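In this text, all values refer to a predicted model and were calculated from it rather than measured experimentally. Protein chains get the first letters and strands the later ones, always in sequence-line order, with residue 1 at the start of each.
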Amino acid sequence: MRRSTKKLLLIAAMVMWGDAALAESAVVLVTSSDGPIQEMSSLEVRKAYMGVAVTVDGTTVRAVRRADDERLNQIFLQSVIAMSERSYERRLLSLVLRSGVPRPAEVGDLEELSELLERIPSAVSYMWRRDAEGDPGVRIIRILWQET
Amino acid sequence: MTHSRRIKTARHRLRMAILVPLLLATLFAGPQLRAEPQHDVLVFLSLEGHDIRSTQNPELDGFNGHGTADLLYTYNSERFRFLAEYILSSSENEMERFKAAWRIDDQTLLWLGRFHAISNYWTTEYHHGQYMQTSISRPGLEEWEDESGPMPSHVTGLALEHDFPLSDSSAMSLGLAAGLAPKFAVDQLVPFDVLNPESGHDLSLSGRLVFRPDVLSMKQIGVAIAHNDIAVVSDSSPNLTDLNAIRQTTAGIFSNWRWQDWVVSTNWVWFDIEMQYRDRDVDDNFLMGYVQGEYDVSDDWTIFGRIEIGDNEDASPYLQLLPSVIAHRHMLGARWDIADSHALTLELADTSTQGDDLNHDNFKEIRFQWSAVFP
């Protein structure tokens, strides 16, 4: 399916589901519950996801992407990265090509994400707030987006 | 088995020893985070058709097509980074970059190995990633050595990269490099061959300073300088008889700027060349440059054009040693991003190459290309 078509369907779904599904929706930045990262500004989050080295609380941040939730990814890209998916992907490819900076790792489901956050204390990722609140292994660093 | 055949076989085995793991990594790896260190693999593929028509010199007429695969592997840990880039095409197989870095801190990397010349703007932006550049062709100024590029593209040695943050989002980037420059043989520059270390190469020194107003965008403006002592294989061509060395100093200014749907990239390089013959020195000064404009018509379509011109380059004795170097070009093209990571591109150009004397070879070009990146 073309990216533009996906976006249209996503917007349509948001409009149709509107109040019912999204009223309480929020996307949050998370890390391991016993990880060292306590706070991150939105610029630091953006930098970490765009391949710029970010050190917070003495730790180099590892950004982790989600490959399992199209809607979550679209919101993250639009609200946090402020780029279209194509521009973002090109930017990451360019960093690999120019400087050898690997792209952020991707996880395929929540279980894999929890496992990874536990294994790598410097890793951060994004989740729906309801998922984060239901997982004792993760700690919310900040709210990235909230449905108003 | 003759000595040269043994060397050829050894080189082939070494290339395969490097290439096979890269190919396997390509099949089984993506961006992963299985442990602390990270690695990534990219494969850039392209197929290109190129047709030339000349009213001035029908010998230039013809069509050729070629395919290219560019394999890139990177490994990154807390203090160490490694990058290898291998190109396989219908015309060459070569380890383009093979370098390792010690990460001194978050802002500083010290590289050792074979890398692309840091003073070449286009080369350091796109390398061999054909999909990443909007146009099919590269500017003549920044062509590879084996495509009659006038500047060295590959250096083997040390390179230092350091970023100076200026604010939360802007930075200056400094690059310094020292290593072995290409030598000049027949009608082109020939990079240092790691497999033949005694091949007679001299010193290359270069530096660049880049201002990035927003480190999260591609916007940049910078200056670059380089000095290359280029050894000459005098007996490789009658044109090089009695020419012992070429001292090439370059100074350039480059920029890539975006305004909404427009992107303009440009690079202007001043060449100061001393050609050292057995009985005399010949000084040569000229300017080469280009401006490329791109306009995003929609998410999927981009139109672009480029003008390549110069000053005093038509009479350059140095460029006359590179008969295929692009002297002038006016090009227009369109790119269609047909899927997430595939593009079709068409280019039309009116081009002049240096030719064998002061009379340029002029011709019309049409190029079309499919390019993609995986995974």
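Both the backbone and the side chain of B:Val215 come within less than 4.5 Å of a heavy atom in chain A. The contact between B:Phe44 and chain A is made entirely by side chain atoms (from C-beta outward), counting heavy-atom distances below 4.5 Å. Residue A:Arg98 touches chain B through both its backbone and its side chain, counting heavy-atom pairs closer than 4.5 Å. Residue A:Ser87: no heavy atom, backbone or side chain, is found under 4.5 Å from chain B.
One distance of note links OG of B:Ser217 with CE of A:Met50; it measures 8.0 Å at 0.5 Å rounding.
Closest non-hydrogen pair, B:Leu83 versus A:Val96, comes out as CD1-O, 4.0 Å. Across A:Pro102 and B:Thr74, no two heavy atoms sit closer than the pair CG-OG1, 3.9 Å.
Of the candidates B:Glu125, B:Glu85, B:His128, A:Leu97 forms a side-chain contact (heavy atoms from CB on, under 4.5 Å) with just one, namely B:Glu85. None of B:Asp340, B:Asp300, B:Asp296 except one satisfies the salt bridge (Lys or Arg N to Asp or Glu O under 4.0 Å) rule with A:Arg86; the exception is B:Asp300.
Between the A:Arg90 side chain and the B:Met132 main chain, a donor and an acceptor come within less than 3.5 Å of each other.
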Distance-only criterion, 3.5 Å: show the donor-acceptor pairs between side-chain atoms of residues 259-266 of chain B and protein atoms not counting sequence neighbours.
unit_1	atom_1	unit_2	atom_2	d
B:Thr266	OG1	B:Trp268	NE1	2.8
B:Thr266	OG1	B:Tyr290	O	2.6

Exercise answer: donor-acceptor pairs, residues 54-61 of chain A side-chain atoms, under 3.5 Å, sequence neighbours excluded:
unit_1	atom_1	unit_2	atom_2	d
A:Thr55	OG1	B:Asp106	OD2	2.3
A:Asp57	OD2	A:Gln38	N	2.9

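Under a cut-off of 6.0 angstrom, the local environment of CD in B:Glu92 is crowded, with over 12 non-hydrogen atoms contributed by other residues, nucleotides or ligands. At most 12 heavy atoms of other shown residues, nucleotides or ligands fall within 6.0 angstrom of atom CD in A:Glu118.
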Would you please test B:Gln38 and A:Val101 for side-chain contact (heavy atoms from CB on, under 4.5 Å) and show each step? CA-CA 9 Å; B:Gln38 287 175 282; A:Val101 177; over 6 Å; no
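Using a 4.5 Å cut-off on side-chain heavy atoms (C-beta onward), A:Lys47 and B:Leu216 make contact. Side-chain contact between B:Met218 and A:Ser94 is present, with heavy atoms from C-beta onward closer than 4.5 Å.
Ranked by heavy-atom pairs under 4.5 Å with chain B, the first of A:Gly100, A:Ser41, A:Gly51 is A:Gly100. Most heavy-atom pairs under 4.5 Å with chain A: of the set B:Glu161, B:His127, B:His116, this distinction falls to B:His127.
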